[in-house]
Amino acid sequence: MTKIASQSYFQDVCDAAVAALETLGVVVTAADLATSFEAPNKKGFGDAALPCFPFARQLKMPPPKIAEKVAEAFHAPPAVVKVAPISGFLNIWYDPGIVASEVLPSIQEAQHRYGASDEGAGKTVCMDYSHPNIAKPFGVGHLRSTVIGNSLKRTLEHRGYSTVGINHLGDWGTQFGKLIAAFREWGDEDELLREPIKHLYSLYVRVHQEAESDPSWDDRGRQEFKKLEDGDPANRELWQRFRDLSLREFGRVYQRLGVAFESDAGEAFYESKLSSLIERLTKEGHAIEGDDGALVIPMPDTEEEPPLLLRKADGATTYATRDLAAAEYRFTTYEFYRCLYIVGSAQALHFKQLFTALKQIGYEWAERMRHIEFGWVKFADSMMSTRQGNIIFLNDVLSEAVDKTRSIIAERNPDLDDPENVAEQVGVGAIVFWMVSVKRQKDVNFDWDEVLSFDGRTGPYLQYTHARVGSLIARYGKQIPTSSVDYKTLSTEEERQLLLQLADWPRRLSQAIQFYEPQILASALLDMAQAYNRFYQNVRILDGDQSAVEARIVLADSLRIVLNSGLYLLGMGAPSRM
RNA sequence: GCCCCCGUAGCUCAUUUGGAUAGAGCAGCGGCCUUCUAAGCCGCUGGUAGCAGGUUCGAAUCCUGCCGGGGGUGCCA
């Protein structure tokens, strides 16, 4: 079922269709029809269409006949210029002037809040995303969670929700014991301060290599981690430094991406809560001990879901335990309306178990949890590897994109003001858009040629379109007219298409939230940018008589407003020149 | 073995939660800058939607089976 934007001209159309159907003896409500109308997918079929197939059975009449009858009985409201029955559909053409006179002033008035609402007022959404591991590189894999989470966060806020961005850092675990031991053995203070993550990661890689031939490293690692857990001041301090330095470096990436968190409570944060949690669950009978000494929460359907492992046979807890503790903590702290986990599909079963366990414990809020899963970021075998392990450092990727942008600017727009800032926004924007423009369930292949492509349906295309409108409006040089604009002058096909794209934006926002899918916004913005570029190419916006120029400039400026706000919602910059 | 996800043009992806003749971009070929930024616009070429059934007035979309790819399957997260 397809919905069309709920503008008032559309309400009129629904009412008229209800009346027309009534003359045939069909009783429906305008609300029913509102969800039945579709946007025709083909040129020449108008701007909206009502499928008449569902009425065929009741009327005992072939759908094309019904469409014909409805068209005859249809009293067209002012916004409709033409109605025609086509192969079982009732097709409707709008008067662009009337649509424009409703849509464009509402954009001009709302500015960047066009499409916003207060539907989320009073509702808090917790969002667990990004969650890199301390002392390890921030890779391209983490980028997907970060970028999707950031975009959803901004979109939810646009719709009135309060959001709590939580960076659930991987800052605990036995690997820190090894890392501490490795740092004591080979660590270099200067190196640590200069390139903390590269240094720590090389130690991490080295100690694992050493451990393969010399198992004593495993024991040393265990001992150091035990000391860390027991609060040994020296180990504690070292761990804290690793964490602080890593976070500081992540911060630089986050800054480039425009990402900010309300909380960076990671795994370590929940450690102190685990023993009481386990004790309570055992006492209440939710957790039971298995034959081999492990403590689990059994699942109702063992075939479907294996039990959730709370404590291993060796007494150590698991990430499931920490996630359970984190869920409890988040609910008591934030009383969330939704708690979103933006985590890869590989962990789908884990979250299914987690949510089931919460329900079994008796938390009615378990149903407010959602796993927002996404596919893998894969790499073509060449190119991808850096010397240490198979990881691309995100900062290097971003810098590569910025370098390319810088050289394009030098070539095409050498007089541009502040080229460095523009290169940063466009380069980073290209990467962000590349990630967010594919439906999140799908795997993506990291391919330099594709990621660094700036032509066609790409981030730079959107930004370039935005910059060009901005430049056009600057050339216009006057205030955007806000009253007594004659929208009747908007009559070309290009103008109509752009107008309908703009009118559809609020609906696309709703869908993006409904499906937790930023790609919907990316796709909508590309469509409207393309509609604008055709308009720009084929219609001289600033030439001609004053009333026509005014209407066109309001149309162009409205596109600029929506594009600007849409780029923000995707997590991209919108330079005014490029 | 069992469970989940994916399979659409040479490549990368859409297809608005079942609608009309499945659309874009890239790549290829051909056009458009003395006029608002050519990171743009226009045209051409390109399809048995993995395969086979089923449900429906109507299926890329829902169901079943098979093929192919990926992931998961109590002690890594």
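Note on naming: letters A, B, ... go to the chains in the order of the sequence lines (proteins, then strands), and numbering restarts at 1 for each one. Just so it is clear, the values below take in all heavy atoms, side chains as well, and ignore hydrogens, waters and symmetry mates.
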Heavy atoms only, 4.0 Å cut-off, all strands: where does [X] land among base, sugar-phosphate and nothing?
X	answer
A467(A)	base
Q353(A)	nothing
R322(A)	sugar-phosphate
D292(A)	base
L526(A)	nothing
N91(A)	base
A346(A)	sugar-phosphate
I409(A)	base
Y461(A)	sugar-phosphate
L349(A)	sugar-phosphate
K352(A)	nothing
V296(A)	base
V451(A)	nothing
S87(A)	base

What integer distance in Å separates [X]:[atom1] from [N]:[atom2]?
X	N	atom1	atom2	result
E450(A)	rC11(B)	CD	P	13 Å
L169(A)	rA77(B)	CG	C1'	14 Å
F515(A)	rU61(B)	CZ	C1'	12 Å
F379(A)	rG70(B)	CZ	P	17 Å
N413(A)	rU37(B)	CG	P	10 Å
K378(A)	rG7(B)	NZ	C1'	12 Å

Verify the contact: side-chain N or O of [X] to OP1 or OP2 of [N], cut-off strictly under 4.0 Å; return yes or no.
X	N	result
S471(A)	rU37(B)	yes
R534(A)	rC42(B)	yes
Q530(A)	rG25(B)	yes
K439(A)	rU15(B)	yes
K442(A)	rA14(B)	yes

Once you measure the plane-to-plane angle for [X] and [Y], does it fall in the parallel (<30°), tilted (30-60°) or perpendicular (>60°) bin?
X	Y	value
Y270(A)	H168(A)	parallel
F535(A)	Y532(A)	perpendicular
F379(A)	F446(A)	tilted
W239(A)	W172(A)	perpendicular

Nearest-angstrom distance, [atom1] atom, [N] to [M]:
N	M	atom1	value
rA9(B)	rA60(B)	C1'	14 Å
rG47(B)	rG10(B)	C1'	12 Å
rG70(B)	rA52(B)	C1'	24 Å
rC33(B)	rA27(B)	C1'	24 Å
rA24(B)	rG43(B)	C1'	16 Å
rC4(B)	rA22(B)	P	32 Å
rA77(B)	rG71(B)	C1'	15 Å
rC63(B)	rC76(B)	P	35 Å

*Just how far is it from atom CZ of F355(A) to atom CZ of R370(A), taken to the nearest 0.5 Å?*
8.5 Å
Have [X] and [Y] got a donor and an acceptor in their side chains that come within less than 3.5 Å?
X	Y	result
E493(A)	Q497(A)	yes
R552(A)	T489(A)	no
D323(A)	H350(A)	yes
T356(A)	Q353(A)	no
N538(A)	E494(A)	yes

Shortest side-chain distance from [X], nucleotide among [options]:
X	options	value
A294(A)	rC41(B), rG74(B), rA20(B)	rG74(B)
M578(A)	rA39(B), rA20(B), rG19(B)	rA39(B)
R540(A)	rU35(B), rA38(B), rG74(B)	rU35(B)
Y464(A)	rA14(B), rG40(B), rG74(B)	rG40(B)

*asked:* Applying the 5.5 Å / 30° rule, does F89(A) stack onto the base of rA20(B)?
replied: yes
_Centroid under 5.5 Å and tilt under 30°, F45(A) to rA20(B)_ =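 Base of rA20(B): stacked against F45(A).
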*In which ranges does RNA chain B form stems of 3 or more consecutive Watson-Crick or G-U pairs, distances under 3.5 Å?*
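Expected stems, ordered by start: B:1-7 with B:67-73, B:10-13 with B:23-26, B:28-32 with B:40-44, B:50-54 with B:62-66.
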Main chain of [Y], side chain of [X]: is a donor-acceptor contact present, judged purely on distance under 3.5 Å?
X	Y	result
D47(A)	Y94(A)	yes
S453(A)	D449(A)	no
Q425(A)	M572(A)	no

*Want to settle it: does I541(A) or L50(A) sit nearer the 5' end of RNA chain B, counting the closest nucleotide to each?*
L50(A)
*asked:* Return whichever of Y536(A) or R412(A) has its heavy-atom-nearest nucleotide of RNA chain B closer to the 5' end.
replied: Y536(A)
*asked:* Syn if the chi torsion is within 90° of 0, anti otherwise; quick check, which is rC32(B)?
replied: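 Anti.
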What protein N or O atoms touch nucleotides 26-34 of chain B N or O atoms at under 3.5 angstrom, if any, and at what distances?
none

*asked:* I want to check a possible cation-pi pair here: K404(A) against F454(A), using under 6.0 Å from ring centre and within 45° of the ring axis as the test.
replied: yes
*Heavy-atom donor-acceptor pair, Y319(A) side-chain to rA77(B) base, under 3.5 Å*: yes
Any N/O pairs under 3.5 Å between the protein and nucleotides 56-60 of chain B? List them or say none.
from    : atom 1 : to     : atom 2 : distance (Å)
rC57(B) : OP1    : R57(A) : NH2    : 2.3

*State, to 0.1 Å, how close V296(A) and L309(A) come at their nearest heavy-atom pair, and which atoms those are.*
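Looking at all heavy atoms of both residues, the closest pair is CG1-CD1, 3.9 Å.
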*Is it true that D418(A) and R577(A) make a salt bridge, defined as a side-chain N closer than 4.0 Å to a carboxylate O?*
no
